[in-house]
Protein chains: 2
Amino acid sequence: MDIEEAVSVFSALSQRTRLEVLRLLLQAGPEGMGAGEIAGALGVRQNTMSTNLNILQRSALIRSERFGRSIRYYADMAGLRGLLSFLMEDCCGGERELCAPLLDVLVCDCLEKADDQSSL
Amino acid sequence: MDIEEAVSVFSALSQRTRLEVLRLLLQAGPEGMGAGEIAGALGVRQNTMSTNLNILQRSALIRSERFGRSIRYYADMAGLRGLLSFLMEDCCGGERELCAPLLDVLVCDCLEKADDQSSL
DNA sequence: TCCATAATTCTAGATTACTAGATATTTCGA
DNA sequence: TCGAAATATCTAGTAATCTAGAATTATGGA
């Protein structure tokens, strides 16, 4: 990922509806959600949501899959990973202590509430 | 952090100069960098940089400290942590496997190159 | 107190982004 | 093949953001 792409991805996240969509899809997990379902859940008009879903997808923050005439969307963990990776590239300035607190976020909020067989 | 604040923080990151500044300061580590030094390093006019530093600081992505007549800026790890925490809130949908890859980013890019006494 | 340095604030013209109405496309079922 | 459902695209008026010139504030030294 280069700087232009990263800026574009952060732009995708800097709008209320789109940020809500990503969080909703992260919470939805592997099941994903239908496009109309997402629009309904967030109280946004269908065409506006379609535009915003497209922007998120172009940024590789979400993925989609068609089922019949509806389309399901999912959080794209690989894309999110790429973004965080770019941001934290060469971080810390060699000082582990500066960077470590960021790990706690994911460990606490995400993994601790899952089962405890920490394979890391 | 609420959604409005998170949007505002992502907006702060969705501009090339500001994203470059945050990465630069993450790489600089605890030493930080002077305001003029940052502007010089990125080839941005001093008043434009000042505006952008202010936006990053309002978003709690960087901190500042005055030394005589110059001002040093530092990455604000607590602010960054808050943002990631908000984004990943209630993630995974109970499926640990969906979320775990995000940890690798920080573990690989940031901590593995530090000493190996993994206290997690 | 006066000057130079370092950084910030004010401002406006130019660019970019957002929303929603209207229309188009895709798919399924009858 | 026709109609309905689900979603996407086009468009334009409105709103927000970006940059840099000019002026301002804060600090330290002579």
Side-chain angles (χ1 to χ4, degrees), chain A residues 3-25 28 31-76, chain B residues 3-25 28 31-76:
Chain A
I3 185 85
E4 293 298 347
E5 188 181 346
V7 166
S8 168
V9 178
F10 280 119
S11 295
L13 287 174
S14 65
Q15 199 268 355
R16 178 176 187 142
T17 297
R18 293 195 297 262
L19 183 53
E20 285 178 334
V21 167
L22 180 58
R23 278 169 37 98
L24 197 58
L25 291 178
E31 303 267 310
M33 288 176 74
E37 190 185 359
I38 296 170
L42 298 179
V44 173
R45 300 205 180 214
Q46 179 271 321
N47 62 345
T48 299
M49 182 56 80
S50 176
T51 298
N52 284 318
L53 287 171
N54 187 37
I55 290 170
L56 285 169
Q57 188 161 33
R58 279 202 321 256
S59 295
L61 290 167
I62 67 178
R63 291 177 295 110
S64 68
E65 198 174 349
R66 179 179 276 278
F67 289 94
R69 49 186 135 176
S70 79
I71 294 179
R72 280 193 99 68
Y73 284 89
Y74 312 88
D76 184 336
Chain B
I3 184 86
E4 294 297 348
E5 189 181 345
V7 166
S8 169
V9 178
F10 280 118
S11 295
L13 287 174
S14 65
Q15 199 269 352
R16 178 176 187 142
T17 297
R18 293 194 297 263
L19 183 53
E20 286 178 335
V21 167
L22 180 58
R23 278 168 38 98
L24 197 59
L25 290 177
E31 305 266 310
M33 288 177 73
E37 189 184 0
I38 296 170
L42 298 178
V44 173
R45 300 205 180 217
Q46 184 270 325
N47 63 343
T48 299
M49 182 55 81
S50 176
T51 298
N52 284 318
L53 288 170
N54 187 37
I55 290 171
L56 285 169
Q57 187 161 34
R58 279 202 321 256
S59 295
L61 290 167
I62 66 177
R63 292 177 295 110
S64 68
E65 198 174 348
R66 180 179 275 278
F67 289 93
R69 50 186 137 175
S70 79
I71 295 178
R72 278 192 102 66
Y73 284 88
Y74 313 88
D76 185 335

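Lettering follows sequence order; numbering is per chain, from 1.
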Task: Atom-to-atom span, CG of A:Leu53 to C1' of D:dT9 - whole angstrom - done: 14 Å

Task: Spacing between A:Leu42 atom CG and C:dT19 atom P, to the nearest angstrom - done: 12 Å

Task: Contact check, side chains of A:Gln15 and B:Val7, non-hydrogen atoms, under 4.5 Å - done: no

Open item on the list: The side chain of A:Arg18 is closest to which nucleotide in this list: C:dC18, C:dA7, C:dT9?
Closed with: C:dC18

Open item on the list: Quick check for you: among D:dT7, C:dA7, D:dT19, whose closest atom lies nearest to any side-chain atom of B:Ile71?
Closed with: C:dA7

TODO: Please tell me which of the listed nucleotides, C:dA7, C:dC18, D:dA5, lies nearest to the side chain of A:Arg69?
DONE: D:dA5

Open item on the list: Regarding B:Ser50, tell me which of base, sugar-phosphate or nothing describes its non-hydrogen contacts under 4.0 Å with the strands shown.
Closed with: base

Pairs of donor and acceptor atoms involving the side chains of residues 40-56 of chain A, under 3.5 Å and at least two apart or interchain, shall be tabulated with distances.
from: A:Thr51; atom 1: OG1; to: A:Asn47; atom 2: O; distance (Å): 3.2
from: A:Asn52; atom 1: OD1; to: A:Arg18; atom 2: NH1; distance (Å): 2.9
from: A:Asn52; atom 1: ND2; to: A:Thr48; atom 2: O; distance (Å): 3.3

Task: Side-chain (A:Ser8) to main-chain (A:Glu4) donor-acceptor, under 3.5 angstrom - done: no

Task: Separation of atom CG in B:Asn52 from atom C1' in C:dT9, rounded to whole Å - done: 14 Å

TODO: Give B:Thr48 one of three labels, base, sugar-phosphate or nothing, depending on what nucleic acid heavy atoms sit under 4.0 Å from its own.
DONE: base

Open item on the list: Under 4.0 Å, heavy atoms only, any strand: does A:Phe67 hit a base, just the sugar-phosphate, or nothing?
Closed with: nothing

- [ ] Report the distance from atom CD of B:Gln57 to atom CD1 of B:Ile71, rounding to the nearest 0.5 Å.
- [x] 8.5 Å

TODO: Please figure out whether A:Ser14 or A:Arg66 has its closest DNA chain C nucleotide nearer the 5' end.
DONE: A:Ser14

Task: Side chain of A:Gln15 - closest among C:dT8, C:dC18, D:dT7 - done: C:dC18

Task: Short side-chain N/O contact from B:Tyr73 to OP1 or OP2 of C:dT8, under 4.0 Å - done: yes

TODO: Look only at the side chain of A:Arg66 and the backbone of A:Gly68, and say whether a donor-acceptor pair between them is shorter than 3.5 Å.
DONE: yes

Task: Separation of atom CD in A:Glu37 from atom C1' in D:dA6, rounded to whole Å - done: 13 Å

- [ ] Without swapping roles, check the side chain of B:Arg72 against the backbone of B:Gly32 for a donor-acceptor pair under 3.5 Å.
- [x] yes

- [ ] Rounded to the nearest angstrom, tell me the gap between atom CG in A:Leu19 and atom P in C:dC18.
- [x] 13 Å

Task: Nearest atoms (heavy-atom pairs only) where B:Ala75 meets B:Leu22 - done: CB-CD1, 4.3 Å

TODO: Could you check how far CD of B:Glu65 sits from P of C:dA7, rounded to whole Å?
DONE: 14 Å

Open item on the list: So if I take every side-chain heavy atom of A:Asn54 and compare against D:dT7, C:dT27, D:dT9, which nucleotide ends up nearest?
Closed with: D:dT9

- [ ] Provide, to the nearest angstrom, the distance between the CZ atom belonging to A:Phe10 and the P atom belonging to C:dT16.
- [x] 21 Å

Task: Spacing of B:Glu20 atom CD relative to D:dC18 atom C1', expressed in whole Å - done: 15 Å

Task: Check: B:Glu20 side chain, B:Thr17 main-chain N or O, donor-acceptor pair, under 3.5 Å - done: no

Are there any protein N/O atoms within less than 3.5 Å of an N/O atom in nucleotides 21-25 of chain D, and if so, which ones and at what distance?
from: D:dG21; atom 1: OP2; to: B:Arg45; atom 2: NH1; distance (Å): 2.5
from: D:dG21; atom 1: N7; to: B:Asn47; atom 2: ND2; distance (Å): 2.8
from: D:dG21; atom 1: O6; to: B:Asn47; atom 2: ND2; distance (Å): 2.9
from: D:dA22; atom 1: N6; to: B:Asn47; atom 2: ND2; distance (Å): 3.1

